[in-house]
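Okay, structure first, notes after.
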Amino acid sequence: MERNVYDVLEERGFLKQCSHPEELKDLLGKEKVTFYIGFDPTADSLHIGHYVQLMSMAHMQRAGHKPIALLGNGTAFIGDPSGKTDMRSLMSKEQLMHNASCFQKQMSRLLDFSEGGAQMVYNGDWLYPLNFLDFMRDIGVYFSVNRMLAADCYKNRLERGLTFFEMGYMLMQGYDFLELNRRHGCVLQMGGDDQWSNILGGADLIRRKEQKPAFALTTALLTTSDGKKMGKTEKGAIWLDAEKCSVYDFYQYWRNVADQDVENCLALLTFLPMDEVRRLGALPGEEINEAKRVLAYTLTTQVHGEEEAKKAQTAAEALFAGGADLSNIPTCELTQEQIDASGLRLTDVLVFSGLASSKSDARRLIEGGGVFVADEKAASVAVALEPAQIEGDGVIIRKGKKSYCRIRRA
RNA sequence: GGAUGGGUUCCCGAGCGGCCAAAGGGAGCGGACUGUAAAUCCGUUGUCACAGACUACGAUGGUUCGAAUCCAUCCCCAUCCA
């Protein structure tokens, strides 16, 4: 007898809020449920925040339910207002479709999109041709402004100001759910906990308009134990695309999570059995590093494949644990042009390698004693690399304790 | 549309004619300590040809020897009234 996926999600810490817990759990236990999560294709890669959602979908799919990944090419066309700024960067339909195809590629690592499996749909299909008057009459009447304003997410918005546009977004998202219910028999929408009122709005719409059951369920956002969002680094978000976040950086991010966060990350981001997750999370003192190694390796394997994960691990061991195999550490290859232009001055090299964001930054780092060339502290801003150093395997320069880059001739 | 208060560096937020690349806090980065952790302490955080120069305080013009600071116009935001 399979375990109810609802319990699985609960045990792993996914569950946040659910509109009808008993009813939904009952349903999940006895039949194949079609559910969806929406993703706005506003960038050309998913990031780790999305990954938690994908994991929840994967658990559901493994339990025999049918996932629909909804690509919000319609909603993203006008921009999601839930962010703080009104910098709604307007994107072309073509751009959005390109992004959507990138998403699908990344999703298919975790979800099975083969025949009868997960499905991908685009809300532009029904949002673009939508007629405003029809929409207002058919959908608008089901949304009570009073109720919307009572929702937490709008309540605190009232102090800062709230546009009609933002409330309209909720209607569109609700309408998505309704369409999916009609077209695909979708009865459950999942999503991050910040989406609670939007998701609930859709479920309510179906219940009222169609007189049919519909469910809303939100999952935990990936946060640190003190409630801050995870997945940001100095270089930006933790993207799933290796071009936007190198496999090494990805691995290192997880290798370095705070002690208190490892267990949660293992539960949400990997498929390790919970007994093992709890054992690793409870390791005392220095031993907790074992848990971080497992997290980093397992997650990197899931996202980038085992081969890439091994390389990242080998590189990390070479740099931090005295391992001998230096072949996989991050490398920056200098072109002849760069060499000529900079005269291999360290400040320039730091910028080329991405270790410093500007020459001023590089200068500060050197002056602060944070730069090492082949394990020797750089003495002054004036130093330059010797041409011989960048031949062959090159030299390793280090910024601080954790950022390394091998420099060599292209 | 009317009244009022605002738009400052990554974020919050002081400054309200020269001493302002701009207080303070948050966040980041570097150093010490450590376990590639947290906490703590110290330093640092526009760019560059770096004891100097250049670009920055919503936008554009103006007044001044000199403007983030004064004036004009415009754009945007908040609160109240319609």
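Below, chain A is the first sequence line, B the second, and so on; all start at residue 1.
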Produce the list of close N/O pairs, under 3.5 Å, pairing protein atoms with atoms of nucleotides 51-55 of chain B; give distances to one decimal.
none

Look for any protein N or O under 3.5 Å of an N or O in nucleotides 22-26 of chain B and output each such pair with its distance, or none.
none

Atom pairs, N/O to N/O, protein against nucleotides 10-12 of chain B, distance under 3.5 Å?
none

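Between the CG atom of A/Leu350 and the P atom of B/G30 there is a distance of 12 Å, rounded to whole Å. B/G35 atom P lies 12 Å from atom CZ of A/Arg255, rounded to whole Å. At whole-Å resolution of the value, CD in A/Glu286 and P in B/U36 are 7 Å apart. Protein atom CG of A/Asp261 is 20 Å distant from nucleotide atom P of B/G35, rounded to whole Å. Atoms CG (A/Leu365) and C1' (B/G28) sit 12 Å apart, rounded to a whole Å. The interatomic distance linking A/Glu287 (CD) with B/U34 (C1') rounds to 16 Å, in whole Å. Whole-Å rounding puts the A/Lys399 NZ to B/G28 P distance at 13 Å.
Across B/G43 and B/A23, the matching P atoms stand 15 Å from one another, rounded to whole Å. Going from the C1' atom of B/G46 to that of B/C29 covers 15 Å, rounded to whole Å. A distance of about 24 Å separates the P atoms of B/G58 and B/G2, rounded to the whole Å. Taking atom C1' in both B/A56 and B/C48, one finds a spacing of 14 Å when rounded to whole Å. Using atom P as the reference point in both B/G15 and B/C20, the two lie 15 Å apart (nearest Å). Nucleotides B/G66 and B/U55 place their P atoms 15 Å apart, quoted to the nearest Å. B/U63 and B/G13: their C1' atoms are spaced 30 Å apart (whole Å). Atom name C1', nucleotides B/A53 and B/A3: the rounded distance is 47 Å, in whole Å.
Map A/Val371 and A/Arg363 each onto its nearest nucleotide of RNA chain B; the residue landing nearer the 5' end is A/Val371.
A cation-pi arrangement, defined by a distance under 6.0 Å to the six-membered ring centre and an angle within 45 degrees of its axis, is present between A/Lys93 and A/Tyr128. Geometric assessment of A/Arg208 against the ring of A/Phe143 yields a negative cation-pi assignment under the 6.0 Å and 45° thresholds.
No salt bridge links A/Arg408 with A/Glu391; every basic N to acidic carboxylate O contact stays at or beyond 4.0 Å. With salt bridges taken as basic N to acidic carboxylate O contacts below 4.0 Å, one links A/Arg345 and A/Asp348. Ion pairing between A/Arg279 and A/Glu276 holds under the 4.0 Å rule for side-chain N and carboxylate O.
Comparing atom distances between the A/Asp259 side chain and each of B/C33, B/C50, B/G35 picks out B/G35 as nearest. The nucleotide whose nearest atom lies closest to any side-chain atom of A/Asn256 is, among B/A37, B/U36, B/G30, B/U36. For A/Lys401, the side-chain atoms get nearest to B/U34 when compared with the rest of B/U34, B/G35, B/U36.
Here A/Phe320 and A/Tyr404 bring their ring centres to under 6.0 angstrom of each other. Close placement of the A/His59 and A/Phe14 rings is indicated, their centers lying within 6.0 Å of each other. Note: A/Phe250 and A/His304 meet the aromatic proximity criterion, with ring centroids under 6.0 Å apart.
Under the 4.5 Å side-chain criterion, counting only non-hydrogen atoms from C-beta, A/Lys399 is in contact with A/Leu365. Taking the side chain as every heavy atom from C-beta outward, A/Leu280 and A/Arg278 never approach each other to under 4.5 Å.
Residues A/Gln313 and A/Tyr297 have side chains that never bring a donor and an acceptor to within less than 3.5 angstrom of each other.
Counting heavy atoms of neighbouring residues, nucleotides and ligands inside a 6.0 Å radius, atom CG of A/Asn131 exceeds 12 of them. In the displayed structure, A/Lys66 atom NZ is contacted under 6.0 Å by more than 12 heavy atoms of other residues, nucleotides or ligands. Surrounding CD of A/Glu307 are at most 12 heavy atoms belonging to other residues, nucleotides or ligands under 6.0 Å away.
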For this session: Treat primed atoms plus P, OP1 and OP2 as sugar-phosphate and everything else as base, then score nucleotides 40-47 of chain B 5' to 3': B for base contact with protein heavy atoms under 4.0 Å, S for sugar-phosphate contact only, - for none.
Result: ----SS-S
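The pairing partner recorded for B/G24 is B/C12, the criterion being a Watson-Crick or G-U wobble arrangement whose two distances lie under 3.5 angstrom. Within the shown strands, B/C71 is the pairing partner of B/G61 under the Watson-Crick or G-U definition, both distances less than 3.5 Å. Here B/A78 sits opposite B/U4 as a Watson-Crick or G-U wobble pair (both hydrogen-bonding atom distances under 3.5 Å). Figure legend. B/U47 is base-paired to B/A53; pairs are counted as Watson-Crick or G-U wobble with both atom distances under 3.5 Å.
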Exercise. Under the ring pair (Phe, Tyr, Trp, His ring centres under 6.0 Å) criterion, do A/Phe215 and A/Phe35 qualify, and how do the steps go?
Worked result: CA-CA 9 Å; A/Phe215 303 90; A/Phe35 69 100; over 10 Å; no
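Distances shown here put a side-chain N or O of A/Lys402 below 4.0 Å from the OP1 or OP2 atom of B/A37.
Rounded to the nearest 0.5 angstrom, A/Glu243 CD and A/Cys102 SG are separated by 11.0 Å. Taken to the nearest 0.5 Å, the CG atom of A/Asn73 stands 11.0 Å off from the CD atom of A/Glu94. Taking CG from A/Leu344 and CZ from A/Phe352, the interatomic distance works out to 9.0 Å, rounded to the nearest 0.5 Å.
Among the heavy atoms of the strands, none lies under 4.0 Å from A/Glu367.
With hydrogens and angles left out, the side chain of A/Gln252 and the base of B/U36 share a donor-acceptor pair within 3.5 Å.
Using a 4.0 Å cut-off on heavy atoms, the residues of residues 303-320 of chain A that approach RNA chain B are A/Ala316, A/Phe320, listed by number.
Remark: A/Arg255 engages A/Tyr251, A/Gln252, A/Asn289, A/Lys292, A/Arg293, A/Ala296 in a side-chain contact (heavy atoms from CB on, under 4.5 Å) (not counting sequence neighbours).
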